[in-house]
Amino acid sequence: EKSAKFVNEKESVNEYLKSKLNFSTEDRIVIIKFEVNKSGKVENVKILKGLNKKKNLQIVTEVLKMPNWIPSTQNGQPIRSEIILQLQFK
């Protein structure tokens, strides 16, 4: 079994999202949960620990706009998986 993988050779998923969100005035941790479907598309984004309503909406929007991931596989077949991601803004 292989876990889902973010596809970007230049930066990690954390770096990618932080560059899109630019919350440099925040010194907080955000925890996001989402699913990567069999095709690698990000779906069902939820904020487990967020900032304020406006910023949480921005986070969800940017997570949904991420490029497709390489989906998780089980027995060589792609499967839906859940990702929990922690971002720290400083």
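In this text the structure is predicted, and so the values were computed from the model without any measurement. Any value given below was found using the heavy atoms of this structure, including those in side chains, with hydrogens, waters and symmetry copies removed.
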Determine whether L64 and L87 fall in the same hydrophobic cluster, where Ile, Leu, Val, Met, Phe, Trp and Tyr are linked whenever their side-chain heavy atoms lie under 4.5 Å apart.
-> yes

Calculate, to the nearest 0.5 Å, the distance between atoms NZ and OG1 belonging to K20 and T61 respectively.
-> 13.0 Å

Nearest 0.5 Å please: distance from the CG atom of L51 over to the CD1 atom of I59.
-> 5.0 Å

Give a yes or no on whether I29 and I84 share a hydrophobic cluster (residues Ile, Leu, Val, Met, Phe, Trp, Tyr; joining criterion: side-chain heavy atoms under 4.5 Å apart).
-> yes

Could you list the donor-acceptor pairs under 3.5 angstrom formed between side-chain atoms of residues 31-39 and any protein atom two or more places apart in sequence or on another chain?
from : atom 1 : to  : atom 2 : distance (Å)
E35  : OE1    : N44 : ND2    : 2.8
E35  : OE1    : R80 : NH1    : 2.6
N37  : OD1    : S39 : N      : 2.8
N37  : OD1    : G40 : N      : 3.0
N37  : OD1    : K41 : N      : 3.0
N37  : ND2    : E43 : OE2    : 3.2

Verdict with supporting geometry, L17 and L85, side chain to side chain contact (heavy atoms under 4.5 Å, CB included) | CA-CA 11 Å; L17 287 173; L85 188 64; 3.6 Å; yes

Note: Y16 and M66 closest approach over all heavy atoms is CE2-CG, 3.4 Å

In Å and rounded to the nearest 0.5 Å, what is the NZ to CD1 distance from K53 to I47?
-> 13.5 Å

Which value, rounded to the nearest 0.5 Å, describes the distance between E15 atom CD and K10 atom NZ?
-> 13.0 Å

Value rounded to 0.5 Å, distance of CD1 in I70 from OG in S3 | 12.0 Å

Could you tell me which residues satisfy side-chain hydrogen bond (donor to acceptor under 3.5 Å, both in side chains) with K65, sequence neighbours excluded, listed by chain and number?
-> E62

In terms of heavy-atom contacts, I83 and A4 come closest through CD1-CB, 4.0 Å

Would you please name every residue forming a side-chain hydrogen bond (donor to acceptor under 3.5 Å, both in side chains) with Q77, sequence neighbours left out?
-> none

Would you give the length of the straight line joining atom CD of E11 to atom NZ of K18, rounded to the nearest 0.5 angstrom?
-> 11.0 Å

All heavy atoms of N14 vs all of Q86, minimum pair found to be ND2-O, 3.1 Å

Counting distance only, does the side-chain N/O of R28 pair as donor-acceptor with the main-chain N or O of G50 below 3.5 Å?
-> yes

